[in-house]
Structure formats: C-alpha cells, structure tokens
Amino acid sequence: MRQRVAVLGSTGSIGVNTLDVIARHPDRFEVVALTANTQVDALLAQCERFRPRVAVMASAPHADELAEKIRQKGLPVQVERAQAAIEMVASDEAVDVVMAAIVGAAGLAPCLAAARAGKRLLLANKEALVVGGEVFMRAVREGGATLLPIDSEHSAIFQSLPDDRATWPARIDKIILTASGGPFRAREPATLREVTPEQACAHPNWVMGRKISVDSATMMNKALEVIEAHHLFGVGPDQLEVVIHPQSVIHSMVQYLDGSVVAQMGTPDMRVPIAYGLSWPERMASGAEALNFATLGHLSFEPADAPAHRARFPGLQLAWHALRAPEGTCAVLNAANEVAVEAFLGRRIRFDQIHAVNDATLAAVVPSKLATLADLLRLDAQARARAGGLVAAMAG
C-alpha cells in the first residue's frame, strides 16, 4: 500500500525537493495534499502533476485565484483556504505522512496538529521545536507520532545514533553540529554592516530560501539548530557543540563516551535527508549524487567560538543563553529573528543590526510559564511587537 503524503509548504525549496523524491517512487507514495502561502502558479503546476485531493492556500484571495484556475483546467482537486485548513490537512485521517516545510512560526500549529494526530511527521520546520519546545514534544509523545528530523544536521545526528533511544543518555558524550560558515566565513567583521540582501542570500554550498539563507549568513540558523537538537535528542546545552566545516560534506557528528565519533557524510543535497525520512527505517534512492572520494580533496574544521568567528557571528552564542534562560526564551529569540531578517531583506535595517534586534528583544521580553499553543502564540506576538519597535527605531 502506498503511503499517503501531505506536503505543507510545497512550493518552497524543501517542498519542491520532497516532491522530486516522491516522483522517483510512484509505487511507494501518493501525494494527497499540498499547501502554499501565495505562489498560485507554482502550486497549480504541482496540482497538475501530482493530482492531490486537496490544495490549500493560506491567503483567501490566492485561494480564490487557484480555485478558478483549477476549475478552468478541470482538475479533480479541492481547494481550501486559511490556516485552519492547513491544520485540517495535517491531522486528516486520510494522510499517513506529513512533510512540515512551512517556514517560520506559522508552521507551529500544523505541526502540533500532525503530532496530536499521531502522524509520521517529517520535520523541516525549525520553529516547531524552537518555539514549541516541550509543548510540541509533549504533543508528539501523547499523540504517538513518529518524529523524523529533516534538517540535514539533525538527520545526520539521528542516523549516527543507535536505534534504541533509551540508551542515548548512557552513551553520548556530546553532539557536534557542523556549519559551513556561509558566505561570510572569512569576511572582516567590521565590513558586515555593508552586506546587502543579495550577498547574504548567496550561499556557497546550499540552494535555500531567502530567510534561511540570511540565517545561514548570520549563523542564527545554527543557533536555532542547537536549540532543536536539545529537544530532539534530550541532551543538555553543555553537550552541544558547533564546528565550522566549509565543505558541507560531514553534516553532523555524535561523540560517544568511549571517544568514538560517528559522522554522517553526503553531498549537500536536501533530497538525501528527505529520502531518509520518507523511507525510514529503510533507505531508497534520493536522486542526489554520491560522494566521489577520489576528487573530494580535504576536509577542514574551524572552532565556531574562535574570537574572529564570535565577532562575525555573535548570534550563535544566543542559543546557549536561551537554553539556560526561562522556558519560552527560545520562542522570543525566534520571533525577534524573523522580524529582524524580514526587515533586513526589506532594506530597513543593516545586516549587523539583525543581532542587535535579537539581543535587545531577549533583554526586554521575559516569558511566563507556557502550557498551551495559545500561550506560545501570545509570547510570539509580544516578542514580535517589541522587535518591530526596535526595527522602527533603527530604520527611523
């Protein structure tokens, strides 16, 4: 029987790569639902190719436009609209597998819906863990969901750990996440104030969306991944380390108590962790090129906490600060960063001011106890308002 898949955020880079992998295995997977935010024509083309039962646009006007184009083409696809419809798709009993690829905090509610419904949840949405934290992990446990990380780093860690999760604490010394260093790994820190959005989005190894490309350039993506790893693998902040590995061949590592290090290697192609998540515990072809060790050359590593890198990437250290602070601080950090990155891409603040917004928002917003999605959303809104005020002051 084919697995029935819903792809949330199907027009983004993760969604597109997911559909590429699925198309290579039509005997194993059936696309039953696709969702997007505003890219009507891209979602229409996906509907023509994969013929899902349901297509959802988060925006009502865009949903109306898609529905009309679907009608004109005579496609047997039901069009729904708004956030509630995305959550409905994520929890629908006609769906076996949910690829959660919506960028930002907007993906949190659908991820929670899928977790509570006990889905096989392929998590490419950082914010479900960074913002949701224990609220999200509790929903996974109580719903009986199967949670599989899709970020290349967390997939690599998952692949490097033993199958028996109960043995992890007794075996693990530390988890080492690798980072490419992005486009500014060797740039003079004093010149970062001059960086343009185009330069920040020009990643040397990966093809990604604009928001995550900027996060890679600031290394805030790695800060968020440190927070994710804490929740996914149950290790403390002191057991998490980041090293800069410019070649992006080793995607992350686990160091065991006996001194052994197990690493996962592969080409920098998101189809590899996507295929692993879709096929786990088996493996299947992803479409990615295999490593050629004869031409690979050398692999190099640099300490992420070296003084020059601390000056280039001050946001990375906020991960450990947030993990040691009151619960909810990670959600504040994520909200501030989303506001700051959007402002930078809109040319309202400088590249170096992204960190300033994040740091000042953390200092200003002190979270209270979090127990529900409503609590998380209130905190998220509070942090965004504060970060927005800081952006306005800087832009003015």
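For clarity, every value in this text was computed on a predicted model and none was experimentally measured.
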So, does [X] use its side chain to make a donor-acceptor pair with the main chain of [Y] at under 3.5 Å?
X: S152; Y: H251; result: no
X: R312; Y: T218; result: no
X: H230; Y: P237; result: no
X: T267; Y: E289; result: yes
X: N337; Y: N334; result: no
X: D375; Y: A371; result: yes
X: W168; Y: P162; result: yes

Item checked: side-chain contact (heavy atoms from CB on, under 4.5 Å) evaluation trace for I176 with V242 -> CA-CA 6 Å; I176 305 167; V242 174; over 6 Å; no
Side-chain ion pair, [X] and [Y], N-O less than 4.0 Å:
X: K222; Y: E153; answer: yes
X: E134; Y: R141; answer: yes
X: E198; Y: R210; answer: no
X: R271; Y: D20; answer: yes
X: R53; Y: E30; answer: yes

Say whether [X] and [Y] are linked into one hydrophobic cluster, either directly or through other cluster members, by side-chain heavy-atom distances under 4.5 angstrom.
X: V195; Y: I212; value: no
X: L316; Y: L192; value: no
X: V272; Y: I250; value: no
X: I86; Y: V16; value: no
X: I150; Y: L34; value: yes

Any donor-acceptor pair under 3.5 Å linking the side-chain atoms of [Y] with those of [X]?
X: R348; Y: Q353; result: no
X: S216; Y: H203; result: yes
X: S300; Y: Q247; result: yes
X: Q255; Y: D173; result: yes
X: E225; Y: H154; result: no
X: Q264; Y: S160; result: no
X: D258; Y: S260; result: yes

**Q.** Q72 atom CD: more than 12 heavy-atom contacts under 6.0 Å
**A.**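 Yes, CD of Q72 has more than 12 neighbouring heavy atoms, counting only those of other groups under 6.0 Å.
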Got a sec: does the CG of D163 have more than 12 other heavy atoms crowding it under 6.0 Å?
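Incorrect, the count does not exceed 12.
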Looking only at heavy atoms, which two atoms of [X] and [Y] are closest? And how far apart?
X: V339; Y: G388; answer: CG1-N, 3.8 Å
X: A114; Y: L121; answer: CB-CD1, 4.0 Å
X: A55; Y: L66; answer: CB-CD2, 4.1 Å
X: A336; Y: A387; answer: CA-CB, 3.8 Å
X: R384; Y: E338; answer: NH2-OE1, 2.7 Å
X: H309; Y: P303; answer: CD2-O, 3.3 Å

Can you tell if the side chain of [X] reaches within under 4.5 Å of the side chain of [Y], non-hydrogen atoms only?
X: I14; Y: M270; value: yes
X: V97; Y: R4; value: no
X: R51; Y: L75; value: yes
X: L323; Y: I227; value: yes
X: L299; Y: M265; value: yes
X: K119; Y: D96; value: no
X: K69; Y: V40; value: yes
X: L19; Y: V31; value: yes

Practice problem: Give the intermediate values and the outcome of side-chain contact (heavy atoms from CB on, under 4.5 Å) for residues V249 and L291. | Solution: CA-CA 9 Å; V249 171; L291 284 177; 3.8 Å; yes
Determine the sole option in R193, R187, E188, E194 for which the side chain to side chain donor-acceptor pair (under 3.5 Å) test with T191 is passed.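 With T191 as partner, side chain to side chain donor-acceptor pair (under 3.5 Å) holds for just one option, R187.
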About how many Å separate [atom2] of [Y] and [atom1] of [X], when rounded to the nearest 0.5 Å?
X: L112; Y: L376; atom1: CG; atom2: CG; answer: 7.5 Å
X: C111; Y: L147; atom1: SG; atom2: CG; answer: 9.0 Å
X: I274; Y: S286; atom1: CD1; atom2: OG; answer: 9.0 Å
X: E68; Y: K73; atom1: CD; atom2: NZ; answer: 12.0 Å
X: N221; Y: L177; atom1: CG; atom2: CG; answer: 10.0 Å
X: R2; Y: F29; atom1: CZ; atom2: CZ; answer: 11.0 Å

Please collect all side-chain hydrogen bond (donor to acceptor under 3.5 Å, both in side chains) contacts where either partner lies in residues 79-91, sequence neighbours excluded, each pair once.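 Found D64-R81, Q78-E80.
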Would you check, one step at a time, whether the test side-chain contact (heavy atoms from CB on, under 4.5 Å) holds for L278 with Q3? CA-CA 9 Å; L278 284 168; Q3 292 286 293; over 6 Å; no
Applying ring-ring contact (aromatic ring centres under 6.0 Å, His included) to F184 and F351, what does each step give before you reach the verdict? CA-CA 12 Å; F184 307 135; F351 180 80; 5.4 Å; yes
Exercise for the section: Determine the sole option in I175, L232, I172 for which the side-chain contact (heavy atoms from CB on, under 4.5 Å) test with I157 is passed. Expected result: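 For I157, the side-chain contact (heavy atoms from CB on, under 4.5 Å) check succeeds only for I175.
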Verdict with supporting geometry, E342 and K211, salt bridge (charged side-chain N to carboxylate O under 4.0 Å, His left out)
CA-CA 8 Å; E342 182 182 13; K211 195 269 181 183; over 6 Å; no
- prompt: When you look at V5 and V95, which way does the side-chain contact (heavy atoms from CB on, under 4.5 Å) test go after all the steps?
  reply: CA-CA 6 Å; V5 183; V95 171; over 6 Å; no
